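Worksheet: one structure, shown below.
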Amino acid sequence: MQNLLNQPLVLKNGTTIKNRLLKSAMSEQLAVDNKPSQTLINLYKIWANGGAGVLITGNVMIDKNALGAKDDVVLENGADLEPFSAWASAAKTNDTKVIMQLNHPGKQSPKFLSKTPVAPSALSLSNGLERLFNTPRELSISEIKELVRRFGQSAKLAKMAGFDGVQIHAAHGYLISQFLSPLHNQRADEYGGSLENRMRFLSQIYHTIRDEVGDDFIVALKLNSADFQKGGFSEEDSLKVAKFMADLGVDFIEISGGNYEAPAMLEGIKDSTKKREAYFLDYARKFRQICDTTLVITGGFRSQKAINNALNNGELDIVGVAKPFAFDKNFAQKMLKNPDYNCQINEPKFGIKKLDDMLLSAVIMYWYMEQMKRLSKNLDPNPKLSLWRVLFSSIYQNGLNAIKKVRA
Ligand SMILES: Cc1cc2nc3c(=O)[nH]c(=O)nc-3n(C[C@H](O)[C@H](O)[C@H](O)COP(=O)(O)O)c2cc1C
């Protein structure tokens with residue numbers, strides 16, 4: 001089997017990436033005053049030196065008044081671009097390409113940050129999340145247009161700061177994915193109803209960004225294969241959106257899945273897919289039949305063998321990996337060089353069923369964020385880092401509200 005993982009690839013816009021390993025977005029929550037901090041910049045330098053072809057930043061918000069987490073980075077009009085340029089330049093060390101993920105949380109903005117979040121429709125989250133997230137109000141048409149403009153503005157600023165591209169975050173239940181979902185979007189105007197209407201917000205964002213940044217800048221998309229909710233965004237819808245966006249000209253599409261209510265991106269879909277490592281490969285095969293745009297699949301890949309298998313089978317062009325990057329600064333090097341490499345992380349549990357069911361997925365996110373913080377200081381990961389310690393320090397830093405179901 002060929003080691004395709006190590007081979008370069010030319011993207012649609014002409015950018016050559018040196019290998020097929022992409023660090024997928026992970027919200028680092030390392031901003032200070034919502035600006036990139038030195039700690040964040042150090043982290044990206046370490047990752048760039050590690051050898052991945054592409055680094056996608058954790059989600060950067062396009063509006064300071066709409067945060068997914070307190071310490072998110074925000075890029076909007078009037079921002080001081082200096083820390084952003086330092087961030088881009090650190091991440092571009094070692095011929096690495098860096099792409100800024102742009103996001104708006106919509107109703108997935110916790111109570112302590114948004115008294116009245118916005119969404120396509122005034123429908124609250126379910127599954128107990130309504131206790132942690134306020135019911136949103138419906139966006140007006142003029143507000144939708146303003147948000148489209150903001151995405152374009154943030155992309156333009158990212159380009160000015162030296163990033164190689166932006167990725168539109170249309171996955172995981174945030175605002176764009178709320179528009180795509182018939183469950184969350186029950187509008188009766190041109191932004192709701194048919195799939196054509198539900199994807200209007202996304203396609204307008206794409207056009208506005210492209211107009212601002214031109215054809216030589218990477219504009220990528222992160223899309224759910226489905227949100228795994230009854231009556232929600234289906235695989236059939238997703239394939240149509242992927243094809244539509246590919247025809248518009250996105251440079252690559254990264255496939256993930258799920259949202260806060262049904263977190264498939266972190267937990268996988270079913271046991272058989274977990275065994276085969278990758279969560280979204282079935283989708284990839286269907287995508288390939290209708291679309292020849294560069295495809296990235298993210299979720300569950302841990303061994304070079306499984307990745308090269310998928311690459312050699314033509315199931316994907318680039319592999320996206322997240323958690324292992326938070327856990328080992330040499331992860332990329334090992335993955336690229338060692339055919340037998342298999343990175344399994346023993347994630348801790350509380351060991352108390354009720355607590356694990358209620359809190360584990362949220363606290364594990366903080367556990368990875370703590371590991372990223374250690375990495376940024378050149379410290380080794382701490383596999384024994386206690387979940388209790390993570391729990392108490394997140395409560396200390398963010399108040400009780402921190403123990404929400406954090407997923408990005
Ligand atoms: C700590 C943490 C933060 C995350 N933040 C984001 C984010 O900001 N944007 C995003 O698209 N996905 C985010 N994700 C999801 C990952 O990009 C990825 O889809 C998921 O972890 C599955 O990939 P993996 O199995 O290789 O970790 C985050 C995941 C983790 C663990």
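We count ligands from 1, going down the list as the structure has it; atoms in each ligand are counted the same way. Bear in mind that the values here come from a model prediction, so they are computed numbers and not experimental data.
- Using bins of under 30°, 30° to 60° and over 60° for the plane-to-plane angle, the ring pair F327/W367 lands in the parallel bin.
- A salt bridge between D216 and K159 is present, with a side-chain N of the basic residue lying under 4.0 Å from a carboxylate O of the acidic one.
- Side-chain atoms of Q101 and T57 include no donor-acceptor pair closer than 3.5 Å.
- Taking every heavy atom of S24 and a limit of under 4.0 angstrom, the matching atoms of ligand 1 come to 17 (O).
- Inclusion of G300 in the set of residues having an N or O under 3.5 Å from an N or O of ligand 1 is warranted.
- Atoms of ligand 1 found under 4.0 Å from any heavy atom of V321 (numbered from 1 in listed order, with element): 26 (O).
- In this structure, H169 and H172 have perpendicular ring planes: the angle between them is above 60°, well past the 30° mark.
- Heavy atoms of Q167 found under 4.0 angstrom from ligand 1: none, in either backbone or side chain.
- Remark: ligand 1 and A322 share an N or O pair separated by less than 3.5 Å (distance only, no angle test).
- In summary, the atoms of ligand 1 found under 4.0 Å from a heavy atom of Q101, numbered by their order in the structure, are 7 (C), 8 (O), 9 (N), 10 (C), 11 (O).
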Atom pairs and distances, side-chain donor-acceptor, residues 41-50, under 3.5 Å, sequence neighbours left out:
| residue | atom | partner | partner atom | Å |
| --- | --- | --- | --- | --- |
| N42 | OD1 | Q38 | NE2 | 3.2 |
| Y44 | OH | E28 | OE2 | 2.4 |
| Y44 | OH | G58 | N | 3.3 |
| W47 | NE1 | F325 | O | 2.9 |
| N49 | ND2 | K45 | O | 3.3 |

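- Close approach of ligand 1 to S256 is summarised as follows: ligand atoms under 4.0 Å from at least one heavy atom of the residue are 19 (O).
- Remark: ligand 1 and A25 share an N or O pair separated by less than 3.5 Å (distance only, no angle test).
- Within ligand 1, the atoms closer than 4.0 Å to a non-hydrogen atom of T298 are 18 (C), 19 (O), 23 (O), numbered from 1 in the order shown.
- Ion pairing between a basic and an acidic side chain is recognised when a charged N comes within 4.0 Å of a carboxylate O; R288 and D317 show such pairing.
- Ion pairing between D340 and K305 fails under the 4.0 Å rule for side-chain N and carboxylate O.
- Around the CG atom of D80, the shell of radius 6.0 Å holds more than 12 heavy atoms that belong to other residues, nucleotides or ligands.
- For ligand 1 and G299, the ligand atoms under 4.0 Å from any heavy atom of the residue are 22 (C), 23 (O), 25 (O).
- Applying the 4.0 Å criterion to heavy atoms of N59 picks out, from ligand 1, the atoms 8 (O).
- Annotation for ligand 1: atoms under 4.0 Å from non-hydrogen atoms of R302 are 24 (P), 25 (O), 26 (O), 27 (O).
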